[in-house]
Amino acid sequence: MTSMLCISRHTPSGNALAREALDTVLAAAAYEQDIKLLFMDDGVWQLLKGQQPSHINQKDITKNLSALPIFGVEEVYVHEPSLQSRGISRDSLSLNNVQLLTNEQTQALIASQQHILSF
Amino acid sequence: MTSMLCISRHTPSGNALAREALDTVLAAAAYEQDIKLLFMDDGVWQLLKGQQPSHINQKDITKNLSALPIFGVEEVYVHEPSLQSRGISRDSLSLNNVQLLTNEQTQALIASQQHILSF
Amino acid sequence: MSTLHTVNKSPFTDNCLHSCLLLCTNEDALLLIEDGVYGGTSQSPCAEDIRAKIQLGVSVYALKQDTLARGELQVLEGITLIDDKDFVRLSCEHQCIQSWY
Amino acid sequence: MSTLHTVNKSPFTDNCLHSCLLLCTNEDALLLIEDGVYGGTSQSPCAEDIRAKIQLGVSVYALKQDTLARGELQVLEGITLIDDKDFVRLSCEHQCIQSWY
Amino acid sequence: MIFTVVVLGAPYSSAANSTALRFCRAALEQGHTLKRIFFYGDGVHTGSSLSAPPQDEYKLTEQWQSLIRENQLDAIVCIAAALRRGVLDADEQQRYQKSAANLSQDFTLSGLGQLIEASATSDRTITFGA
Amino acid sequence: MIFTVVVLGAPYSSAANSTALRFCRAALEQGHTLKRIFFYGDGVHTGSSLSAPPQDEYKLTEQWQSLIRENQLDAIVCIAAALRRGVLDADEQQRYQKSAANLSQDFTLSGLGQLIEASATSDRTITFGA
């Protein structure tokens with residue numbers, strides 16, 4: 001197994017990157033790789049509760065997010081400073097089993113990988 | 001004649017917007033409209049001297065810029081605070097006959113138009 | 001004549017809301033659309049500037065569909081949520097529309 | 001293992017260079033490409049942070065072709081201009097490549 | 001009022017494309033006139049007849065096609081932007097000896113003069129940037 | 001070394017596309033192996049056979065095609081991203097009953113598994129974001 005980290009840094013609805021990152025993670029899980037997912041910068045908005053993208057004729061990314069554990073993606077990380085600067089509390093995240101990381105912990109996570117998939 | 005202002009805010013080489021803005025201005029001039037062009041934000045990089053986009057296999061936008069007066073585009077404006085924050089001096093601009101505008105003058109320019117073409 | 005400014009990028013990523021606020025006059029209106037609605041949240045890097053503009057009489061709006069789509073956002077007091085029809089109406093009420101993106 | 005960070009957006013517009021600098025460790029290298037090369041100029045909003053990183057031992061590079069393409073830029077002292085072959089070499093020398101865009 | 005609408009974002013890639021569609025619909029519903037919709041930049045992909053999104057997704061290009069057809073709108077795809085990006089009608093297919101054309105019949109390839117002419121004869125111009 | 005290259009930017013729209021091309025060339029010149037080039041997001045437009053830029057401009061898609069052909073590279077266009085954006089091969093044209101196919105013969109439509117498999121068997125993965 002190869003250790004891979006997908007870093008997802010973009011908003012859920014502004015363009016296709018958030019969905020494409022998630023599809024990549026699910027593909028890696030299906031391929032039984034050691035895939036981890038890190039949300040940072042505007043990517044943390046993907047985790048906000050209560051999204052109703054049907055209002056803009058988009059599919060709800062939250063459904064795919066909640067499917068991550070089912071597909072064997074156990075390690076989902078969130079860059080905590082990104083949450084803090086946006087005023088997003090842990091309670092307002094749609095996923096419970098995420099690990100919040102400091103800058104130092106995020107650096108350590110990145111440094112321990114073999115491949116990064118940058119989104 | 002309709003008064004039109006094209007606002008060009010993006011870098012010369014990062015995407016196609018700078019060139020597409022310029023093509024629009026030249027089309028408006030060919031159509032004999034009262035077209036003005038305003039550079040602001042990263043759009044002011046388009047005016048920097050010495051660009052050699054052949055290094056990245058792109059055409060030189062500076063040629064089209066220098067053709068503006070020939071095509072009858074006399075009013076070319078530059079948002080001066082955008083120049084200043086980037087450390088670009090007037091001397092380092094490839095166009096001589098541009099008018100530098102303060103925030104207030106830029107506001108007045110925008111307020112006097114019938115149509116804005118936003119790039 | 002007054003201008004309607006639309007902004008469609010998150011100010012946590014992109015500086016176009018900042019540039020817009022620099023040039024938005026007291027007669028103008030500001031409409032946050034798409035990812036621009038993040039700019040109208042309480043922790044937005046432009047929150048203070050937006051509050052100041054509202055104080056000076058600038059009408060600030062956010063597109064309701066885009067706001068609902070993005071989840072439980074804490075939208076600043078004084079920002080009015082509007083729908084597509086209101087967007088069209090605002091476009092009629094102002095002479096020019098400048099799109100910041 | 002160390003990481004090569006590439007940044008391809010102007011910091012005058014986009015905050016990704018700022019985010020990159022936040023996570024770039026002293027063992028890492030930073031390569032400015034495309035519009036990212038504006039981030040390495042003397043008035044860049046990240047100029048101080050880049051100088052500090054260089055002091056701490058981070059190798060900072062800018063792609064030569066992208067720099068020449070964009071005109072007479074005043075590139076910060078301590079930033080090394082490299083070509084495509086060096087870009088490939090840096091990719092080999094670091095375990096991971098994180099692209100900030 | 002008479003509107004000229006400029007669309008710079010591609011469907012499925014940029015939220016701007018979908019916002020522009022909703023704006024056009026709302027304008028028509030309120031009795032306004034759309035003088036012309038001008039697809040420029042990556043917006044030219046709106047004119048592609050080959051888009052095939054999954055069944056459970058919103059069919060943006062189909063929605064544009066219906067809107068244009070049902071309201072007999074003038075939908076111009078900028079020819080210079082389209083040729084670079086691989087969006088062609090039958091004439092351009094022949095001219096450039098390409099294997100296929102992919103412009104939907106509801107759209108017309110034409111030049112930037114069409115944008116300027118529309119703007120000059122409209123009350124409002126609005127751009128949807130990507 | 002063995003590289004997997006991910007291209008997310010479209011030709012003519014994003015500088016990322018051209019940077020990726022130069023990177024691939026330089027890697028090959030230095031004797032490295034390109035396990036796979038994976039075109040995803042707006043990068044799928046690289047596979048279009050219909051692009052027709054002006055004569056005096058750099059032909060990005062042609063350059064990609066030559067590079068792929070001359071070096072017998074494995075160039076995959078993500079099928080899900082491509083279908084949404086109107087990039088199809090003959091099979092998908094038939095499946096979706098579209099009027100044409102526009103995928104250049106140097107590229108292959110396939111799924112995200114191809115990206116993961118390539119990454120897992122490469123020394124390095126590099127993404128060119130738009």
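Note on naming: letters A, B, ... go to the chains in the order of the sequence lines (proteins, then strands), and numbering restarts at 1 for each one.
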Can you establish whether the number of heavy atoms outside [X] located under 6.0 Å from its atom [atom1] is more than 12?
X        : atom1 : value
F:Gln105 : CD    : no
B:Gln84  : CD    : yes
B:Glu32  : CD    : no

Task: CG-CD distance between B:Asn57 and F:Gln63, expressed to the nearest 0.5 angstrom - done: 7.5 Å

- [ ] Calculate, to the nearest 0.5 Å, the distance between atoms CZ and OH belonging to B:Arg19 and F:Tyr12 respectively.
- [x]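 Rounded to the nearest 0.5 Å, the CZ-OH separation comes out at 10.5 Å.
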
Task: Distance-minimising heavy-atom pair for B:Ser13 and F:Ala15 - done: O-CB, 3.6 Å

Open item on the list: Using heavy-atom distances under 4.5 Å, tell me whether F:Ser18 contacts chain B through its side chain, its backbone, both, or neither.
Closed with: side chain

Task: Which atoms of F:Asn17 approach chain B - backbone, side chain, both or neither, heavy atom under 4.5 Å - done: neither

